[in-house]
Number of protein chains: 2
Amino acid sequence: MKPLILLVEDDAQIRRFLRAALEAEDYRLHECQTVADAIAQAAARQPELVLLDLGLPDGDGLDVIRSIRESSQIPILILSARERERDKIAALDLGADDYVAKPFAIGELLARIRAALRRAAVVAQDGAGTSIRFGRVEVDLEKRVIRVDGDEVHLTPNEYKLLQVLIRHAGKVLTHRQLLQEVWGPNQTEQAQYLRVYIAQLRKKLEREPARPRYLHTEPGVGYRLVTED
Amino acid sequence: MKPLILLVEDDAQIRRFLRAALEAEDYRLHECQTVADAIAQAAARQPELVLLDLGLPDGDGLDVIRSIRESSQIPILILSARERERDKIAALDLGADDYVAKPFAIGELLARIRAALRRAAVVAQDGAGTSIRFGRVEVDLEKRVIRVDGDEVHLTPNEYKLLQVLIRHAGKVLTHRQLLQEVWGPNQTEQAQYLRVYIAQLRKKLEREPARPRYLHTEPGVGYRLVTED
DNA sequence: CGAAATCTTTACAACTTCTTGACGCCTGGG
DNA sequence: CCCAGGCGTCAAGAAGTTGTAAAGATTTCG
């Protein structure tokens, strides 16, 4: 799901324009117009990024930065008509991530939003590895670690490559040729015996009953298929 | 100690101006003027931030971004006379953190540098909890002290760097290439024998039975992995 | 400058993985 | 029933990797 952006902007026209642009990129959006509301919504909705206009009617937009930074490191992009250098410096030193002057080019703004979200993602993903489960098998593609019933299982390079290809196309039938091509390269596409040997090894390591596989299905005459659901 | 900044700029006048401003803020500084040099210096000196002019004489400044992003997340600030929106978007989407158009206000630039360094510090400290334990081994990353069963153990600089990289990605399989790149730099990525020697030395110093390692696991054909739990 | 520490390189033994061939099973068709 | 073809299994030897010790080369530091 696309990130949630909190848009803080009192000018209805700009708000409409930004809403259109951001929704075209599939971002989820929440809008508000006052300092008080911005502070409340930032805390309540936990957005992944804040787009903040500094010229708000009920107070100093810098207070929004201060408030958010007390408890969170999410990216804050300032969007402001104030062009004075010392306004920019103040906002950045309070913890804003970027400062875009109005009028702005929408493509550049979107690129700056992407850059800010990308940086934030690096921080967030450090713990959350991309990992895939089917039945009792757990594959952590980030760490390159496989667990079966919670116990680590060691795979050789070719076994792992083969499993990776099957996972990448989980559910689909892959022909002998496709599998050989991806694991052994384009010169070995006739060696279907490799597949028999390595599929057998994977089954021995991953399946409870290798002779009656639940995950690594044979499609006779065609190839193999990884089944990740019942 | 203040952060090291790599300044990539071919115009001598701007370079002099920036040098003065940055040194007034006590940043350490290294300067270079070409794409090739920038890529080499970024890898060799491990700066904390890169200030990059895109209009270099010997090639495309975007290549510098690409090269750095292959192995590192350090902040990259673009400094450019190219004002076209699509140049900005290209640079930001390649992984640049910020884009400042020339001519720039020095105060704003310095604020943007502070903002980028502040963010990077948040990321860095996430991995660098001051002290890490696994089994009987205790590593104090702040003091650079290693204890095994409470006794201090001396590591050489390369041994320590290697251990640091493994700790930073604890649990994850790191390929020979990744390890060599981070410890010996980008020109030594074929010398897997270095790794064998240094892993052996680390095992001799950290493991109870170096021949049957509990922490420093080998993933044959792939690389090594630090296991911090049972 | 000289000694000590560290890094790099070499050689070889030990080990893991890959490749290959043999063989048996199953299925479906003759 | 018997056979052919595809598949699964096993295991031996080949090929390639890794661990280890130790000798030279280089750097560091007093």
Side-chain angles (χ1 to χ4, degrees), chain A residues 144 146 152-166 173-177 179-185 187-226, chain B residues 44 144 146 152-166 173-185 187-226:
Chain A
R144 198 201 179 282
I146 289 87
E152 254 180 48
V153 165
H154 172 78
L155 299 188
T156 70
N158 279 354
E159 288 164 7
Y160 185 77
K161 268 199 240 173
L162 178 56
L163 180 60
Q164 245 187 333
V165 176
L166 287 163
V173 180
L174 292 164
T175 64
H176 299 138
R177 185 172 290 277
L179 290 167
L180 287 163
Q181 159 102 17
E182 296 229 42
V183 178
W184 279 268
N187 304 319
Q188 307 291 151
T189 56
E190 306 303 319
Q191 297 287 329
Q193 173 64 9
Y194 286 177
L195 286 179
R196 288 183 210 114
V197 172
Y198 278 87
I199 289 284
Q201 279 167 196
L202 280 179
R203 284 179 179 151
K204 203 160 15 172
K205 291 181 178 180
L206 305 183
E207 300 272 2
R208 193 184 304 270
E209 295 175 276
R212 293 197 288 117
R214 280 191 58 187
Y215 316 124
L216 295 162
H217 286 210
T218 303
E219 299 290 336
V222 183
Y224 295 91
R225 182 157 64 115
L226 176 67
Chain B
R144 199 196 178 287
I146 289 87
E152 197 171 324
V153 164
H154 170 77
L155 299 187
T156 71
N158 278 354
E159 287 165 6
Y160 184 77
K161 265 203 238 175
L162 178 56
L163 181 60
Q164 240 187 340
V165 176
L166 287 163
V173 177
L174 293 166
T175 64
H176 300 134
R177 185 171 291 278
Q178 290 174 313
L179 290 166
L180 287 162
Q181 157 109 12
E182 296 228 37
V183 178
W184 280 269
N187 303 319
Q188 308 290 150
T189 55
E190 306 303 320
Q191 296 288 328
Q193 177 62 13
Y194 287 178
L195 285 179
R196 290 182 206 116
V197 172
Y198 278 86
I199 289 281
Q201 279 165 196
L202 280 178
R203 282 179 179 151
K204 208 161 11 173
K205 291 181 178 179
L206 305 183
E207 299 272 2
R208 192 185 304 271
E209 294 175 276
R212 294 198 289 116
R214 279 191 58 186
Y215 316 123
L216 295 163
H217 285 211
T218 302
E219 298 288 336
V222 185
Y224 294 90
R225 176 164 67 112
L226 176 68

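Lettering follows sequence order; numbering is per chain, from 1. We use all heavy atoms of the structure for the numbers below, so side chains are in, but hydrogens, waters and symmetry mates are not.
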Legend entry - Nearest-0.5 Å distance, OG1 of residue Thr218(B) to CZ of residue Arg225(B):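 Rounded to the nearest 0.5 Å, the OG1-CZ separation comes out at 10.5 Å.
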So do the side chains of [X] and [Y] get within less than 4.5 Å of each other, counting heavy atoms only?
X	Y	answer
Ile146(A)	Tyr160(A)	yes
Lys161(A)	Glu182(A)	no
Glu190(A)	Arg177(A)	yes

Inset, instruction - Check Thr156(A), Leu179(A), Leu163(A) against Tyr198(A) for a side chain to side chain contact (heavy atoms under 4.5 Å, CB included) and give me the one that passes. - result: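 It is Thr156(A); the other options fail the test.
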Legend entry - Option from Thr175(B), Leu174(B), Val173(B) for which side chain to side chain contact (heavy atoms under 4.5 Å, CB included) with Arg144(A) holds: Val173(B)
Would you mind reading off the distance between [X] atom [atom1] and [N] atom [atom2], rounded to a whole angstrom?
X	N	atom1	atom2	result
Leu180(B)	dT8(C)	CG	P	11 Å
Glu159(B)	dT8(C)	CD	C1'	14 Å
Trp184(B)	dT8(C)	CH2	C1'	10 Å
Gln188(B)	dC7(C)	CD	P	13 Å
Gln191(A)	dC7(D)	CD	C1'	16 Å
Glu190(B)	dT8(C)	CD	P	16 Å

When you measure from the side-chain N and O atoms of [X] to the phosphate of [N], is any distance below 4.0 Å, counting only OP1 and OP2?
X	N	result
His154(A)	dT16(C)	no
Tyr194(A)	dC18(C)	no
Tyr198(A)	dC18(C)	yes

Inset, instruction - Hey, which sits more toward the 5' end of DNA chain C by its nearest nucleotide, Asn158(A) or Leu155(B)? - result: Leu155(B)
Inset, instruction - Heavy atoms under 4.0 Å is the rule here; annotate nucleotides 12-30 of chain D 5' to 3' with B where the base is hit, S where only the sugar-phosphate is, and - elsewhere. - result: -----SBBBS---------
